[in-house]
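Data first, discussion second: the structure below is written as structure tokens.
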Amino acid sequence: MYAIFLENHSSNLIWIAGFVRYSVAWYPIYRIPEGNFRASFLTYHSLGHLVQRCSIDSHEKKQFSVVSPVLGLQSYNTQGECWFCPKKPFEYSKGCTTFNSSEILKERLSTLEETALLFARGCIYKDDIKVTNRQPDYEFFLSRKRGGVY
């Protein structure tokens, strides 16, 4: 386990444990005129996996940001939408191995869904008692997916 420190507005340091996880539910809030997008997503993140990025703005000045990568994902209403389609399908061969972008994406999505399950229903021990997490948002997304609303 490791920790990160953030500076707040009063210049005090705040300790944030690396094992802190959070989820974000993404729902469409308005209809996009160019498409019929109805997909909803539940993403899982960890404060222990923040990534610092540096970019150059239009004035050639460095801009730093912190990104919290998606570690788990559950979704519904995604059928027929472009969310999980490769922008440019490709195949790449290296030696005896062939890489197919569609298969890689499918495997990555499967891994993200498995991780979401672990985050939402994970078990921990509190005072030597095994406690199972049940996250209502995850259960809702899963019920929508099982009910045929992909």
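Given the structure is predicted, the values throughout are model-derived calculations rather than measurements.
With contacts defined as side-chain heavy-atom distances shorter than 4.5 Å, the pair Gln135/Leu42 qualifies. For the pair Ser75/Phe84, a side-chain contact is recorded, criterion being any heavy-atom separation below 4.5 Å from C-beta on.
For Gln52 (side chain) and Phe64 (main-chain N/O), no donor-acceptor pair under 3.5 Å exists by modelled atom type.
For the salt bridge (Lys or Arg N to Asp or Glu O under 4.0 Å) test, no residue two or more places apart in sequence or in another chain qualifies with Glu103. Contacts of Thr111 classified as side chain to side chain donor-acceptor pair (under 3.5 Å), with partners at least two apart in sequence or in another chain: none. Legend: residues meeting salt bridge (Lys or Arg N to Asp or Glu O under 4.0 Å) with Arg108, ordered by chain and number and at least two apart, are absent. For the side chain to side chain donor-acceptor pair (under 3.5 Å) test, residues two or more places apart in sequence or in another chain that qualify with Thr43 are Trp26, His45.
In this structure, Leu50 and Val66 approach most closely via the heavy-atom pair CB-CG1, 3.7 Å. Contact record, Pro69 with Val51: CG-CG2, 3.8 Å, taken as the closest heavy-atom pair.
The side-chain hydrogen bond (donor to acceptor under 3.5 Å, both in side chains) analysis of residues 62-74, with sequence neighbours excluded, yields the pairs Tyr22-Ser68, Asp57-Gln63, Gln74-Lys145.
To the nearest 0.5 Å, the span separating CZ on Arg38 from CD on Gln79 amounts to 10.5 Å.
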Listed pairs under 3.5 Å, donor-acceptor, residues 116-129 side chains, sequence neighbours left out:
| unit_1 | atom_1 | unit_2 | atom_2 | d |
| --- | --- | --- | --- | --- |
| Arg121 | NE | Glu139 | OE2 | 2.9 |
| Arg121 | NH2 | Glu139 | OE1 | 2.8 |
| Arg121 | NH2 | Glu139 | OE2 | 3.3 |

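Ring geometry for Tyr27 versus Phe141: interplanar angle of 30 to 60°, hence tilted.
Linking ILVMFWY residues whenever their side-chain heavy atoms come closer than 4.5 Å, directly or via other members, leaves Val67 and Val70 in distinct clusters.
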